[in-house]
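Below is one structure, written out as structure tokens; the observations come after it.
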Amino acid sequence: MDKFVTRHRKRSAVETDEWKTEEPLKKYKEECEVEEEFSQPIPWQKIEAEGLDCDYSLLFDKEEADYFFNQLEEEVEYFTGDKAKLQVYGKTYSIPRKQATYGDEGLMYSFSGVQLLAKPWTSTLEHIRDAVTKATGHMFNFVLINRYNDGHDHIGEHRDDERELDPACPIASVSLGAARDFVFRHRDARTGSGKRPIEPVKLELAHGSLLLMNYPTNTYWYHSLPVRKKVKMPRINLTFRRIVKNKQKTGIKTE
DNA sequence: GCTAGAGCAGAGGT
DNA sequence: AACCTCTGCTCTAG
């Protein structure tokens, strides 16, 4: 039996034409203004296990999420060429997804051994970032964007490199587009000696959802976005982070 | 309901 | 942190 914490709460609208209008942005801005006056916290779902501490919520309703998805599809410039490749066991592969990075001016980060400069925030990304800040109380100076074209695109099990991240600031993962399964596995439940029978924690990341990964989740738990061949539509994932300047080194991978 | 085959998902090796 | 292979599970057409 699956133990998914959440199931499709809302049907994805990516397969419809509903978002092809300017109305959602107007409505979103109006709602932001209303929220200023009648601000009430969004409902969070706590996800906990040994050494794992996450919070999950629906940050955007379907209309807002559709709008942001569409905007990002038009705006985001993903890496191509060598920057979209990766060496594993001596072989070069194209990474099974698309990636892009945006952030505060001058922020450097390392990826697959190459130092790159974060692109400047777009207005859409600033909107989303500010919504996340408003919902969480945390500020972010960097976002890594992963685009999964369909259920064949995926990311393998990994932990985020915390050495250049501010551990007091959670990683905030916003999902837009197709809902995808997301799996946490405790490091001690993986292969090798000293293996312990710790159940994986599985969730489904819905269109418009926000997953906060709090300390010390990334110390003990690996996470992945597994292949799901039945998924035919794209998903865009934004992981907002706080990078500590002068502490930057290698190996950001994300979800 | 039952069965056989296809396809999917997960684990381990490289 | 990628793919490949192997194994076991689930789904479905007949």
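Reminder, nothing fancy here: chain letters follow the sequence lines and each chain counts from 1.
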Q. Would you say the ring centroid of A:Phe182 lies under 6.0 angstrom from that of A:His223?
A. yes
(Q) Could you walk me through whether A:Arg97 and A:Asp153 satisfy the salt bridge (Lys or Arg N to Asp or Glu O under 4.0 Å) test, starting with their C-alpha distance in whole Å, then the side-chain angles of each, then the deciding distance to 0.1 Å, before giving a yes or no? (A) CA-CA 5 Å; A:Arg97 59 191 172 278; A:Asp153 276 1; over 6 Å; no
Q: Spell out, yes or no, whether A:Leu144 and A:Met139 are grouped together once hydrophobic residues are joined by side-chain heavy atoms under 4.5 Å, including indirect joins.
A: no
Q) Could you state the CZ-C1' distance from A:Arg228 to C:dT10, rounded to the nearest angstrom? A) 13 Å
**Q.** Angle of first-five versus last-five pair axes in the helix from B:dC2-C:dG14 to B:dT14-C:dA2, to 10 degrees
**A.** 10°
Q) Is the NZ or CZ atom of A:Arg129 positioned over A:Trp121's six-membered ring, under 6.0 angstrom from the centre and within 45° of the axis? A) yes
Anything under 3.5 Å between a protein N or O and an N or O of nucleotides 3-7 of chain C, put it in a table, one pair a line.
residue: C:dC3; atom: OP2; partner: A:His154; partner atom: NE2; Å: 3.2

Q. Going by distance alone, is a donor N or O of one side chain under 3.5 Å from an acceptor N or O of the other, for A:Arg159 and A:Asn218?
A. no
Q: Consider only side-chain N and O atoms of A:Ser175 and A:Arg235, and report whether a donor and an acceptor are under 3.5 Å apart.
A: yes
Q. Is the charged tip of A:Arg190 near the ring of A:Tyr222: under 6.0 Å from the six-membered ring centre and within 45° of its axis?
A. yes
Q. Of all nucleotides in DNA chain B with an atom under 4.0 Å from a non-hydrogen atom of chain A, which is the first and which the last going 5' to 3'?
A. B:dC8 to B:dT14
Q. In whole angstrom, what separates A:Arg159's CZ from C:dA1's C1'?
A. 14 Å
Q: Check whether any side-chain heavy atom of A:Phe68 sits under 4.5 Å from a side-chain heavy atom of A:Ile236, and report yes or no.
A: no
